[in-house]
Amino acid sequence: MSIDFESLKDKAVVLAQSGVTKAKELTETGVAKAKELADTGAAKAKELTEIGKLKVQNSSEQEAIRKAYSELGKLYYAERGSAPEAAYADLCQRITDALARISYNNERIADIKAAGQMSDEEVDAVEPVDEEPSCCCGGEPEPEAEDDKPEE
């Protein structure tokens, strides 16, 4: 059996050149695909950044609206709180009642402060205490199920 080394060498050269050509094609395709993915990723990042900025702007606008509503309500209450239109009567009454409770509480604070000979600094250092009961974990109390209530 005779081996034609020249033919094998030619086939090896052709295969090697074919492999190099294929590797170049794959590399070029891979580079193009990587560039395309990078461009797509950059475009998405820009879009997400713009969305984030717009959401921040919306939040600022919502805060401006909240402040304007508050100012509008304060103005209405100052001008019409003693004789509000029917649609606003309940809200104005709630404000009036809350202001009365605040005034009463401030009078009680002044009385307690005077009786205990406390300074403004001592009183200002007191943290507000919420008298609402809470569960042992500090969360909201669970509402009683109707099955747990005694029958009447």
Side-chain angles (χ1 to χ4, degrees), residues 1-81 84-103 105-106 109 113 118-152:
M1 167 164 163
S2 118
I3 298 177
D4 185 7
F5 287 108
E6 205 52 44
S7 174
L8 285 175
K9 180 179 146 191
D10 291 342
K11 286 182 181 180
V13 168
V14 170
L15 285 174
Q17 288 173 342
S18 173
V20 168
T21 303
K22 199 62 151 168
K24 282 183 182 178
E25 289 173 5
L26 288 174
T27 301
E28 289 170 2
T29 303
V31 168
K33 194 65 169 172
K35 185 178 180 338
E36 180 185 331
L37 288 173
D39 291 345
T40 302
K44 285 286 185 202
K46 284 181 183 179
E47 290 169 351
L48 290 173
T49 300
E50 185 173 357
I51 288 170
K53 287 178 183 178
L54 292 171
K55 283 186 172 189
V56 168
Q57 288 175 0
N58 284 350
S59 181
S60 295
E61 295 300 334
Q62 288 173 336
E63 180 62 18
I65 290 169
R66 187 196 62 75
K67 286 180 181 179
Y69 278 147
S70 179
E71 291 173 21
L72 181 64
K74 286 177 184 177
L75 180 63
Y76 182 88
Y77 184 79
E79 291 180 3
R80 308 270 308 167
E85 296 171 28
Y88 306 102
D90 182 53
L91 291 171
C92 287
Q93 187 60 50
R94 289 195 305 195
I95 292 170
T96 300
D97 293 347
L99 288 171
R101 287 188 299 271
I102 289 170
S103 178
N105 290 345
N106 285 336
I109 290 169
K113 198 165 86 170
M118 294 180 206
S119 68
D120 288 338
E121 291 81 23
E122 290 173 308
V123 173
D124 290 343
V126 173
E127 293 291 323
V129 177
D130 187 6
E131 292 184 10
E132 292 291 320
S134 64
C135 69
C136 62
C137 61
E140 293 294 319
E142 292 186 28
E144 289 184 30
E146 291 195 23
D147 297 341
D148 295 343
K149 293 182 182 176
E151 291 186 24
E152 297 177 15

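What you see is a predicted model; the values in this text were computed from it and never measured.
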Do any side-chain atoms of residues 6-22 form donor-acceptor pairs under 3.5 angstrom with protein atoms, and if so which ones, sequence neighbours left out?
unit_1 : atom_1 : unit_2 : atom_2 : d
T21    : OG1    : Q17    : O      : 2.8

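- The two residues P84 and C92 have their closest heavy-atom pair at CB-SG, 3.7 Å.
- Between the T27 side chain and the A23 main chain, a donor and an acceptor come within less than 3.5 Å of each other.
- Atom-to-atom distance recorded for I109:CD1 and M118:CE is 10.5 Å, nearest 0.5 angstrom.
- Interatomic distance, T40 OG1 to K35 NZ, rounded to the nearest 0.5 Å: 10.0 Å.
- Here the CZ-CG distance, from R101 to N105, works out to 9.0 Å after rounding to the nearest 0.5 Å.
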Give every donor-acceptor pair under 3.5 Å between a side-chain atom in residues 68-80 and any protein atom, sequence neighbours left out.
unit_1 : atom_1 : unit_2 : atom_2 : d
Y76    : OH     : E85    : N      : 3.0
Y77    : OH     : T96    : OG1    : 2.6
R80    : NH2    : A83    : O      : 3.3

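- Pairs passing the salt bridge (charged side-chain N to carboxylate O under 4.0 Å, His left out) check and including a residue from residues 52-69, sequence neighbours excluded, read E63-R66.
- With 3.5 Å as the limit, one finds a donor-acceptor pair spanning the side chains of D97 and Q93.
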